[in-house]
Amino acid sequence: MEIQEIKSRLTMERVLQHYGLSPDRNHRLCCPFHNDKTPSMQVYPETNTCYCFSSNCKTHGKSLDVIDFIMYKEGTGKHEALVYAAALAGEPPIKGNQALPVPITKTADKEEINSRKEFLGKVFAYFCTALRCSPPAKAYLQSRGLDITKTEAGYNSGQLHHGTRKDDQLIADCLRYGLLLDRGVTGRNGEPAYGVFGKGCICFALRNREKEIVSLYFRSILAPSLLERAGGEARHFYLKDR
């Protein structure tokens, strides 16, 4: 189902009803996105949008359509909200005491999303520290006209899972989210020798609307000769499942 078809079939009234929200006769209701004691959200049925006039609301300044509303209510990304909205658009209206449909975004899914964001936040903080300790990485940023004191960037030296940081849980999380690659190779000590995704790269955080880190982008700073020796010409890399 295309986005425009979803928006044409799914009304804001249907979305509000799904979440057990009922505007008054003037199409106002207490905003569900902040502690609202008096109705500060206005619903516009003719455009299937709503707007919160409270400056305390995280959505303040943005007119929400049905997909935006679901995204904020479920705490998901745009894609998950579209899947949820498509499901609601294809369901019959709720009547009487009929049970609400089961949410598409399950608790387990939310926990996975939150775990990923928490892990990537910690990893990026480590990369930022590594940048300050890497003269080549700092020199590269300066050569591109970027002020390292103002640019939020990190550097992946490939040492994240070594030394005092080496533990089974860290390695499992790195494999899970794509920072380590299991190529089935065994090192001299008999332990797995993992490939490192984005090794020798400047790293930038990709954030959602709430400024949370949801993925990472890597840019190689290897010289062309070293890049060719490493087995390729690609310079730009995105973490899986972005």
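Just so we're clear, the structure is a prediction, and the values are computed from it rather than from any experiment.
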Quiz item: Should the pair Arg207-Glu152 be classified as a salt bridge under the 4.0 Å nitrogen-to-oxygen rule?
Solution: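 Looking at Arg207 and Glu152, the cut-off is met.
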Exercise. Flag the pair Asp68 and Arg209 as a salt bridge only when some basic side-chain nitrogen lies within less than 4.0 angstrom of an acidic carboxylate oxygen.
Key: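 Arg209 and Asp68: salt-bridged.
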Self-check item: Minimum heavy-atom distance between Ile6 and Ala86, given as atom pair plus value
Solution: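 Taking Ile6 first and Ala86 second, the nearest heavy atoms are CD1-CB, 3.9 Å.
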Quiz item: With the 4.5 Å side-chain cut-off for hydrophobic clustering, are Ile171 and Val196 part of the same group?
Solution: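 In one cluster with Ile171: Val196, yes.
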Donor-acceptor pair, distance only, cut-off 3.5 Å: does the side chain of [X] make one with the backbone of [Y]?
{"X": "Asn156", "Y": "Phe197", "result": "yes"}
{"X": "Asn208", "Y": "Glu210", "result": "yes"}
{"X": "Ser134", "Y": "Ala130", "result": "no"}

Just wondering, are more than 12 heavy atoms of other shown residues or ligands nearer than 6.0 Å to [atom1] in [X]?
{"X": "Gln42", "atom1": "CD", "value": "yes"}
{"X": "Lys122", "atom1": "NZ", "value": "no"}
{"X": "Lys199", "atom1": "NZ", "value": "no"}

Self-check item: Lys73 NZ/CZ over Tyr19 ring centroid, <6.0 Å and within 45° of normal
Solution: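 Yes, Lys73 sits over the ring of Tyr19.
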Quiz item: Measuring from Leu179:CG to Leu170:CG, what's the distance to the nearest 0.5 Å?
Solution: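 The CG atom of Leu179 sits 9.0 Å away from the CG atom of Leu170.
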